[in-house]
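Count residues from 1 along the sequence. We use all heavy atoms of the structure for the numbers below, so side chains are in, but hydrogens, waters and symmetry mates are not. Bear in mind the structure is a predicted one, so any value in this text is a computation, not a measurement.
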Amino acid sequence: MSMVKVAVFASGKGSNFQAMLDADNLPCEIVLLVCDQQQAGVLDKAKQHGIETFVFSAKNYESKEAYESEIAEQLRKKGIEWIFLAGYMRLIGPTLLEAYEGKIVNIHPSYLPAFPGKDAIGQAFEAGVEETGVTVHFIDEGMDTGPIIEQVAVPILANDTKETLQKRIQAVEHRLYPQVIRELIQK
Ligand code: GRF
């Protein structure tokens with residue numbers, strides 16, 4: 001029986017991508033990494049693990065529709081069924097949303113709907129709230145909106161700095177994302 005094929009989309013360091021690669025019994029094969037930044041650290045991680053990459057520069061295309069059509073074509077050719085966003089810093093447009101309806105999932109470092117958008121950890125830290133968290137959700141056309149699949153609360157401790165908070169949030173992310181991916185794919 002062949003494994004379900006998935007793609008990961010990322011723009012940055014790729015610690016969540018690494019957590020997926022390291023996870024035991026992930027019932028899928030990561031066959032493609034899609035990345036919009038030529039210098040992203042996540043590309044080295046893909047290389048080390050022999051995972052094919054599709055790297056693009058949005059500025060070389062006339063529209064989101066143009067680059068997403070090319071991505072969709074790559075995904076189709078490879079028989080990819082799911083897309084997992086892991087620090088992909090672009091909104092997904094109608095082209096991919098329609099091609100992969102109900103099959104695009106994101107992880108966000110806050111307890112949504114609180115603190116959507118960039119630097120969610122910094123936003124929570126600055127706001128002085130007692131608790132933030134991690135959310136895994138299906139995506140829609142909005143920024144960190146879309147039906148929530150799973151959330152974990154993370155307390156902000158009195159002696160936390162943004163860095164210590166970030167470390168604890170990332171540890172939760174690295175455990176939660178593989179677990180949710182496993183559950184989604186096995187359904
Ligand atoms: C993570 O905090 C994720 O929740 C957010 O972007 C960050 C990506 O980090 N969407 P990494 O590149 O996986 O280390």
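Atom CD of Gln74 sits about 10.0 Å away from atom OG1 of Thr53, to the nearest 0.5 Å. Distance check, rounded to the nearest 0.5 Å: CD1 of Ile185 to CG of Leu26 gives 6.5 Å. Rounded to the nearest 0.5 angstrom, Thr161 OG1 and Leu165 CG are separated by 8.0 Å. Rounded to the nearest 0.5 angstrom, Phe9 CZ and Leu32 CG are separated by 7.5 Å. Expressed to the nearest 0.5 Å, how far CD of Gln151 lies from NE2 of His108 amounts to 10.5 Å. Expressed to the nearest 0.5 Å, how far CG of Leu21 lies from CD1 of Ile30 amounts to 4.5 Å.
Using a 4.5 Å cut-off on side-chain heavy atoms (C-beta onward), Gln166 and Phe125 make no contact. For the pair Phe84 and Ile181, the minimum side-chain heavy-atom distance is below 4.5 Å. When side chains are defined from C-beta on, Val34 does not count as touching Val8, because their heavy atoms never get closer than 4.5 Å. With contacts defined as side-chain heavy-atom distances shorter than 4.5 Å, the pair Met143/Leu91 qualifies. Annotation: side chain of Val42 is not in contact with side chain of Lys13 (no heavy-atom distance under 4.5 Å). Residues Asp144 and His137 have side chains in contact (heavy-atom distance under 4.5 Å, counting atoms from C-beta outward). The closest side-chain heavy-atom distance from Leu85 to Val105 is not below 4.5 Å. A 4.5 Å side-chain heavy-atom check between Asp36 and Tyr67 finds every atom pair outside the cut-off.
Of the charged side-chain nitrogens involved, none lies within less than 4.0 Å of a carboxylate oxygen, so that Glu126 and Lys162 do not count as a salt-bridged pair.
Both Phe17 and Leu43 are part of a single hydrophobic cluster, where members link through side-chain heavy atoms under 4.5 Å apart. In terms of hydrophobic clustering, with Ile, Leu, Val, Met, Phe, Trp and Tyr side chains grouped at heavy-atom distances under 4.5 Å, Val134 and Met20 are assigned to a common cluster. Residues Leu96 and Val31 share a hydrophobic cluster, clusters being chains of Ile/Leu/Val/Met/Phe/Trp/Tyr side chains in contact below 4.5 Å. Residues Leu184 and Leu176 are members of one and the same hydrophobic cluster, defined by side-chain heavy-atom contacts under 4.5 angstrom among Ile, Leu, Val, Met, Phe, Trp and Tyr. Clustering ILVMFWY residues whenever any of their side-chain heavy atoms sit less than 4.5 angstrom apart, transitively, puts Val136 in a cluster other than the one holding Leu97.
If you check the side chains of Glu68 and Tyr61, you find no donor sitting under 3.5 Å from an acceptor. Residues Ser15 and Gln170 bring no donor and acceptor atom of their side chains to less than 3.5 Å of each other. A donor-acceptor contact closer than 3.5 angstrom links the side chains of Asp22 and Gln18. A donor-acceptor contact closer than 3.5 angstrom is absent between the side chains of Gln37 and Ser11.
Under the salt bridge (Lys or Arg N to Asp or Glu O under 4.0 Å) criterion, Lys5 pairs with no residue at all, not counting sequence neighbours. When the side-chain hydrogen bond (donor to acceptor under 3.5 Å, both in side chains) test is applied to Thr132, no partner is found at least two apart in sequence or on another chain. Under the side-chain contact (heavy atoms from CB on, under 4.5 Å) criterion, Leu157 pairs with Pro155, Asn159, Asp160, Arg168, not counting sequence neighbours.
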### Query
Between Ser69 and Glu65, is a side-chain contact (heavy atoms from CB on, under 4.5 Å) present by the stated rule, with each step listed?
CA-CA 6 Å; Ser69 296; Glu65 190 190 342; 4.2 Å; yes

### Message
Run Arg175 and Val172 through side-chain contact (heavy atoms from CB on, under 4.5 Å) and show every step you take.
### Response
CA-CA 5 Å; Arg175 180 170 51 75; Val172 171; 4.1 Å; yes

### Query
Between Glu131 and Val154, does a side-chain contact (heavy atoms from CB on, under 4.5 Å) hold up when you go through it step by step?
CA-CA 6 Å; Glu131 203 169 78; Val154 176; over 6 Å; no

### Message
As a quick check of understanding, evaluate side-chain contact (heavy atoms from CB on, under 4.5 Å) for Arg76 and Glu73, giving each step before the final call.
### Response
CA-CA 5 Å; Arg76 251 194 310 271; Glu73 179 59 28; 3.3 Å; yes

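Within 6.0 Å of CD in Glu130 there are 12 or fewer heavy atoms belonging to other residues, nucleotides or ligands. For Glu183, the CD atom sits in a packed shell: over 12 heavy atoms of surrounding residues, nucleotides or ligands are nearer than 6.0 Å. Environment of CD in Glu101: sparse, with no more than 12 heavy atoms of neighbouring residues, nucleotides or ligands closer than 6.0 Å.
Gln123 places a side-chain N or O within 3.5 Å of a backbone atom of Pro116 that can act as its donor or acceptor partner. A donor-acceptor pair is defined here as one N or O able to donate and one able to accept, closer than 3.5 Å; no such pair exists between the side chain of Arg90 and the backbone of Lys64. Judged by distance alone, the side chain of Ser63 and the main-chain N or O of Ala66 form a donor-acceptor pair under 3.5 Å.
Relative orientation of the Tyr88 and Phe56 rings is tilted, given thresholds of 30° and 60° on the angle between their planes.
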